[in-house]
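Just so it is clear, the model here is predicted, and its values are computed rather than measured.
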Amino acid sequence: MKVLTIIATIFIPLTFMAGIYGMNFENIPELKYKHSYFILWNLMGLIFVGMLYYFKRKKGL
């Protein structure tokens with residue numbers, strides 16, 4: 001149960017970010033920036049790796 005909670009905790013912010021940027025909004029300023037797609041992927045990767053590191057350090061995984 002503990003591991004499933006950690007996995008859900010890691011994927012909740014990633015799902016939120018994908019949900020926001022997956023909508024058909026025209027008013028998000030980052031959508032008009034040339035490299036916003038790659039920045040979003042890198043940010044999501046950093047969040048994923050950072051949370052994995054945090055939970056491993058706290059001996060959760």
Below 3.5 Å, can you tabulate the donor-acceptor pairs from side chains in residues 6-13 to any protein atom, sequence neighbours excluded?
unit_1 : atom_1 : unit_2 : atom_2 : d
T9     : OG1    : T5     : O      : 2.7

To the nearest 0.5 Å, atom CG of L52 lies from atom CD1 of I47 at 12.0 Å
The reported gap from CZ in R57 to CZ in F55 (rounded to nearest 0.5 angstrom) is 11.0 Å
**Item:** Hydrophobic cluster identity match, Y53 and L43, side-chain contacts under 4.5 Å
**Value:** no
Residue pairs meeting side chain to side chain donor-acceptor pair (under 3.5 Å), one or both in residues 36-52, sequence neighbours left out, come to Y37-W41
Exercise. I39, M17: one ILVMFWY side-chain cluster at the under-4.5 Å cut-off?
Worked result: no
The ring-ring contact (aromatic ring centres under 6.0 Å, His included) partners of F16 (sequence neighbours excluded) come to none
